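Read the structure below first, then the notes.
Every value quoted in this text rests on a predicted model; they were computed, and no experiment measured them. Just so it is clear, the values below take in all heavy atoms, side chains as well, and ignore hydrogens, waters and symmetry mates.
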Amino acid sequence: MAVFALIDGNNFYASCERVFNPSLNNVPIVVLSNNDGCVIARSNEAKSFGIKMGAPYHEMKQLIIDNGVKAFSSNYTLYGDMSARMMETLSSFSPDIEVYSIDECFLGLKGFSNFELTSYGQTIRQTVKQHIGIPCCIGIAPTKTLAKVANRYAKKNPETQGVMLLVDEDIRMFVLQRTEVEDIWGIGRQYREKLKAKNINTAYQLSKMPQDWAKTHLGGVVGERLVLELNGYSCIDLETIQEPKKNIAATRAFGKVVTEERDISEALSYHISRATEKLRDQKSVAKIVTFFFHSNPFSKVYPFFKVWRSIELPTASSDPCKFNNAVQAMLKKCFKQGVRYHKCGVILQEINPALNVQSDLFSNLDTDKSKSLLATVDKLNKRFGRGVMKFASSGMEKSWMTQANLISGHYTTNWQDLLKVKTG
DNA sequence: TCTGGGGTCCTAGGACCC
DNA sequence: TCTGGGGTCCTAGGACCC
């Protein structure tokens with residue numbers, strides 16, 4: 001029988017902030033999305049004040065002030081680095097690890113007895129807390145979907161001490177009966193409504209539905225697998241190898257309203273260099289670049305306006321200049337004056353390994369010269385920080401740049417931000 | 001005034017082929 | 001009235017995830 005453990009950092013971003021600022025312990029905190037737009041992480045105290053996940057910051061502001069909640073801009077440099085450290089510690093507990101997201105991973109656990117599994121879970125938890133400083137919860141079960149359920153149960157019920165084992169049949173049924181259908185991995189808003197309408201409210205009720213029914217009502221094979229997994233039949237394997245991305249996007253809302261073509265042009269150039277950097281990191285090339293820019297979709301005063309264009313290069317590339325030349329030429333043709341722009345971005349598609357690029361008649365392949373130039377740029381930016389080397393076309397002033405007014409230090413990646421210990 | 005960013009997979013339906 | 005059968009490929013859109 002397969003055994004999966006799902007390990008998940010509690011309120012991960014909020015916990016990262018606390019690791020380097022202990023005065024935040026027991027203080028309610030929230031972390032905001034890019035541009036300080038929405039609340040995307042909350043400490044338990046903040047949750048208890050009714051601050052909703054994903055809610056606009058400006059709507060929550062009063063609640064935040066009234067309850068003395070500390071708010072932070074998101075600090076992905078810090079969270080990404082803390083995540084890498086956590087995953088490294090976790091990988092010492094099993095050779096089979098799937099990093100599922102910035103704060104979650106699945107471990108394959110074979111060959112332990114049930115009793116050992118629970119205490120092994122406790123060991124994992126304590127080690128992560130000791131090495132990284134992040135509290136986490138662990139769900140252990142014969143399928144990934146059940147491991148998710150178990151993890152959630154552990155988080156909600158302190159008596160579990162953060163570890164829930166969901167192998168025994170009676171325990172499985174007991175927990176499924178106490179799990180709302182919308183809390184299952186794979187059930188989102190649409191399916192929740194559909195299920196509630198049919199009076200299916202708990203995970204247990206869903207697990208009793210016939211496979212065919214799940215197939216017609218919950219997105220085909222996806223729904224079929226979901227029901228099987230709830231019943232303990234493992235259908236979703238551990239993915240221990242990180243596949244290269246098939247799409248790479250770089251998009252951002254502007255820090256303030258933008259009306260000038262020049263600002264859009266700079267921002268697109270900036271996003272192209274970010275996106276192609278990710279592309280080169282995974283040693284890929286892309287053939288298609290899509291770019292867009294649009295006004296504020298939430299505006300009640302102005303109509304929504306959006307431009308969306310795709311361009312296919314003659315040969316796949318990872319050279320930002322090639323993408324940028326194509327995009328800038330097209331931008332000139334489709335920019336519209338008199339619109340209050342809110343956001344823009346680029347998406348790279350038709351991504352393949354850099355090794356098997358087909359040359360064409362006119363040989364538009366990336367030259368060795370441009371490749372070594374870009375390799376040097378990447379190296380410098382990695383060593384000295386993003387933006388040390390950049391393209392002049394992405395601008396110097398960057399009045400359109402995203403806001404991050406409440407950001408904490410880059411404690412683990414910047415010497416200036418290293419914590420100081422006071423002695424004596 | 002102020003509402004994120006980055007992904008995946010699956011299906012249905014149309015175009016097209018023999 | 002009644003208009004084959006079987007296949008592939010592509011795309012748009014829907015659903016989900018963190």
Residue pairs passing the ring-ring contact (aromatic ring centres under 6.0 Å, His included) test where at least one lies in residues 216-236 of chain A, sequence neighbours excluded: A:W213-A:H217
Length of the line joining A:N35:CG and B:dG6:P, which is rounded to integer Å: 12 Å
Counting side-chain heavy atoms from C-beta on, which of B:dG4, B:dG6, C:dC17 comes nearest to A:C38? B:dG4
Among B:dG5, C:dC16, C:dC18, which nucleotide has an atom closest to any side-chain atom of A:Y100? C:dC18
So, does A:T251 get its side chain near the phosphate of B:dG4, meaning an N or O under 4.0 Å from OP1 or OP2? no
Assert: residue with more 5' nearest nucleotide on DNA chain B, out of A:P56 and A:N247, is A:P56
Could you pull out all donor-acceptor pairs under 3.5 Å where a side-chain atom in residues 52-70 of chain A meets a protein atom, sequence neighbours excluded?
unit_1 : atom_1 : unit_2 : atom_2 : d
A:Q62  : NE2    : A:D66  : OD1    : 3.1
A:N67  : ND2    : A:L63  : O      : 2.8

In whole angstroms, how far is the C1' atom of B:dG4 from the NE2 atom of A:H342? 9 Å
Interface residues of residues 5-12 of chain A with DNA chain B (non-hydrogen, below 4.0 angstrom): none
Under 4.0 Å from OP1 or OP2 of B:dC2: is there any side-chain N or O of A:K256 that close? no
Between A:E266 and A:R262, does at least one N-O distance fall below 4.0 Å, as a salt bridge requires? yes
Is the shortest side-chain N to carboxylate O distance from A:E239 to A:K144 below 4.0 Å? no
Write out the stems for DNA chain C, ordered by first number and formatted as range with range, counting runs of at least 3 consecutive Watson-Crick or G-U wobble pairs under 3.5 Å. B:5-18 with C:5-18
So what does A:A55 hit on the nucleic acid, given a heavy-atom distance under 4.0 Å: a base, only sugar-phosphate, or nothing? nothing
Do the two ring centres, one from A:F4 and one from A:W185, sit under 6.0 Å apart? no
Does a side-chain N or O of A:H271 approach OP1 or OP2 of B:dG5 to a distance below 4.0 Å, or not? no
Under a 4.0 Å N-O cut-off, is there an ion pair linking A:R192 with A:E180? no
Strictly below 4.0 Å: does A:K61 bring a side-chain N or O up to OP1 or OP2 of B:dT3? no
Does A:A249 or A:N296 map to a spot on DNA chain B nearer the 5' end, using the closest nucleotide for each? A:N296
What nucleotide, of B:dG6, C:dC17, B:dG5, holds the atom closest to the side chain of A:R274? B:dG6
Across the strands shown, which category fits A:D103 at heavy-atom distances under 4.0 angstrom: base, sugar-phosphate, nothing? sugar-phosphate
Just how far, in rounded Å, is C1' of C:dC17 from CD1 of A:I40? 15 Å
Set of salt bridge (charged side-chain N to carboxylate O under 4.0 Å, His left out) partners for A:E88, sequence neighbours left out: none
Counting only N and O atoms by type, is there a donor-acceptor contact under 3.5 Å from the side chain of A:D263 to the main-chain atoms of A:V258? no
Restricting to pairs with a member in residues 14-53 of chain A, which pass ring-ring contact (aromatic ring centres under 6.0 Å, His included), not counting sequence neighbours? A:F20-A:Y411
With sequence neighbours left out, what residues match A:D8 under side chain to side chain donor-acceptor pair (under 3.5 Å)? A:K155
Take the protein atom CZ of A:R189 and the nucleotide atom P of C:dA15, then report the distance between them rounded to whole Å. 10 Å
Pick out the pairs of N or O atoms, protein on one side and nucleotides 7-10 of chain C on the other, that lie under 3.5 Å.
none

Residues pairing under ring-ring contact (aromatic ring centres under 6.0 Å, His included) where one sits in residues 274-293 of chain A, two or more places apart or in two chains, turn out to be A:F292-A:H294, A:F292-A:W308, A:F293-A:Y341
When you look at A:Y13 and A:F72, which way does the ring-ring contact (aromatic ring centres under 6.0 Å, His included) test go after all the steps? CA-CA 10 Å; A:Y13 296 168; A:F72 292 90; over 10 Å; no
Against the side chain of A:Y191, the closest entry in C:dC16, B:dG4, B:dT3 is C:dC16
Side chain to side chain donor-acceptor pair (under 3.5 Å) partners of A:T412, counting only residues at least two apart: A:D81
B:dG6, C:dA15, B:dG4: which one has an atom nearest the side-chain heavy atoms of A:R252? B:dG6
Contact residues, residues 212-246 of chain A to DNA chain C [heavy atom, < 4.0 Å]: none
Sorted by chain and residue number, the side chain to side chain donor-acceptor pair (under 3.5 Å) partners of A:T290 (sequence neighbours excluded) come out as A:S310, A:Q349
